[in-house]
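Since the structure comes first, as structure tokens, the remarks are kept for the end.
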Amino acid sequence: MVFKFFVSTTPSTLPLSIVIPVYNEELNLPTLFARLYPVLDALGRRYEVIFTNDGSHDRSIALLKAQHAARPDVTRVIDFNANYGQHMAIMAAFERVRGDVIITLDADLQNPPEEIPKLLEQIAAGHDYVGGYRLNRQDSLFRTYASKIINFVREKTTSIEMTDQGCMLRAYSRQVIDAIVRSGAINTFIPALAYSFASNPAEVGVKHEERHAGVSNYSFYMLIRLNFDLITGFSLAPLQYFTMFAGLCSAGSFVLVLVLAYMRIFLHDDTNGVFTLFGILFFLLSVTMVGIGLIGEYVGRTYQVVRARQRYFVKEILEAKE
Ligand code: UDP
Ligand code: MG
């Protein structure tokens, strides 16, 4: 890569870090705190929880600050100046985690904190990346089926294999997190990026609950954007398919032009004058499409290299000094 971000990782000084992105979750945070901390305390190992407030408009940041005051030893809060999206919120925490093992989960309790030990077992068994897949997914039919389609497209266009890309309850080893941070990726899909850096990934079924309160933060448009990032961020297949399709059109219309020319010149069949014009037009049009496809290909490749820009802005960090 030509351009590089000046991102670095924080040395690991703890066994476990929990990373939670928060966007307008005031109704869920009290229950999340009440369920999460006892699970972590019961593990009997030192840990930290990093919340990233992703530009919430509700009382989320006030609740996070209160939680930091209540458990300053184990709670850290990153406060963004604006909304940068779930995956950037996670990324900012990854850049600051101190744990050897890092676990992500959602703040809305769709990923039950009680499932964390299951993931840790798999890490203890030697896996460097453990992805959760949702048993009995509790989402709308539309979301569930849309996920199935995008899973299929992802399988066909990238080399990423996972049962349930949308489940954010996942555990990562330090090496995988370091690689993610060093990649300096923007507009990325973290579970897929992690998979590409893992050498011994595993999957485990985890419970899924309905959103505890409030509604999903993902609008239809944001879901489309996210899935676009998933496909275009990990493969140039869409561009390549387009170019191939344009090539086929071009070949087909060239044959059409030849047939029409033969009929006109050798069979003196003039009834197809308009079709001849159409034939030529189709041919030129498909040549243009090949051209656009090729340009797109190069733009795509350039884009992969030049994606250097400030990814998020941190307003404040609340943490106990080490
Ligand atoms: N989230 C975020 N920034 C956003 C959207 C969501 O930090 O712009 C967080 C949100 O607070 C939650 C997680 O990402 O912890 C998943 O979001 P949500 O539950 O809305 O998504 P869904 O479960 O519907 O996919
Ligand atoms: Mg949710």
Side-chain angles (χ1 to χ4, degrees), residues 17-36 49-64 67 75-96 102-113 115-116 131-151 154 162 164-170 186-192 206-230 311-315:
S17 294
I18 308 289
V19 166
I20 307 182
V22 177
Y23 182 54
N24 295 341
E25 301 284 8
E26 64 177 359
L27 297 174
N28 296 318
L29 287 177
T31 320
L32 175 69
F33 299 151
R35 282 175 58 182
L36 175 68
V49 187
I50 307 188
F51 296 95
T52 306
N53 175 45
D54 187 17
S56 300
H57 304 295
D58 65 357
R59 291 178 49 253
S60 293
I61 187 64
L63 295 171
L64 292 174
Q67 181 63 16
T75 310
R76 299 165 73 191
V77 180
I78 301 168
D79 190 14
F80 278 178
N81 70 321
N83 179 250
Y84 293 93
Q86 178 186 2
H87 293 253
M88 267 305 111
I90 295 173
M91 207 63 152
F94 280 179
E95 283 165 21
R96 292 164 178 82
I102 294 90
I103 289 185
T104 53
L105 78 157
D106 287 347
D108 59 359
L109 291 157
Q110 291 205 272
N111 307 135
E115 299 287 80
I116 288 175
Y133 58 89
R134 295 167 284 194
L135 302 167
N136 289 323
R137 183 167 173 188
Q138 301 294 316
D139 269 323
S140 66
L141 270 186
F142 167 72
R143 283 287 295 268
T144 311
Y145 278 98
S147 286
K148 284 201 164 86
I149 294 171
I150 200 74
N151 253 313
R154 189 211 66 239
M162 54 176 80
D164 183 7
Q165 66 208 8
C167 180
M168 290 310 289
L169 186 53
R170 284 167 192 274
I186 38 173
N187 293 341
T188 194
F189 200 88
I190 285 170
V206 290
K207 289 203 193 99
H208 191 236
E209 294 178 6
E210 263 183 61
R211 201 171 217 288
H212 179 256
V215 287
S216 168
N217 290 305
Y218 277 97
S219 63
F220 184 56
Y221 169 75
M222 282 163 74
L223 283 174
I224 291 178
R225 280 289 341 137
L226 183 68
N227 288 305
F228 233 86
D229 289 342
L230 173 63
R311 299 173 303 159
Y312 57 80
F313 187 77
V314 174
K315 194 164 77 179

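Indexing begins at 1, ligand by ligand and atom by atom, following the structure's order.
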Polar side chain donor-acceptor pair, Asp58 to Ser60, under 3.5 angstrom: yes
So does [Y] get a backbone contact from the side chain of [X], meaning a donor-acceptor N/O pair under 3.5 Å?
X: Asp164; Y: Arg134; value: yes
X: Asn53; Y: Leu64; value: no
X: Asn136; Y: His208; value: no

Protein residues that have a heavy atom under 4.0 Å from any atom of ligand 1, sorted by chain and number: Pro21, Val22, Tyr23, Glu25, Asp54, Asn83, Gly85, Gln86, Asp106, Ala107, Asp108, Gln110, Arg143, Arg211, Ser216, Asn217, Tyr218
The Mg ion (ligand 2) to nearest N/O/S of Gln110 below 2.8 Å: yes
Candidate pair Phe142 and Phe220, rule ring-ring contact (aromatic ring centres under 6.0 Å, His included), full reasoning: CA-CA 10 Å; Phe142 167 72; Phe220 184 56; 5.8 Å; yes
Nearest heavy atoms of Leu32 and Pro113, plus distance in Å: CD1-CG, 4.4 Å
Shortest-distance N/O/S atom, Asp108 versus the Mg ion (ligand 2): OD2
Other residues, nucleotides, ligands: >12 heavy atoms within 6.0 Å of Arg59 CZ: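 No, CZ of Arg59 has 12 or fewer neighbouring heavy atoms, counting only those of other groups under 6.0 Å.
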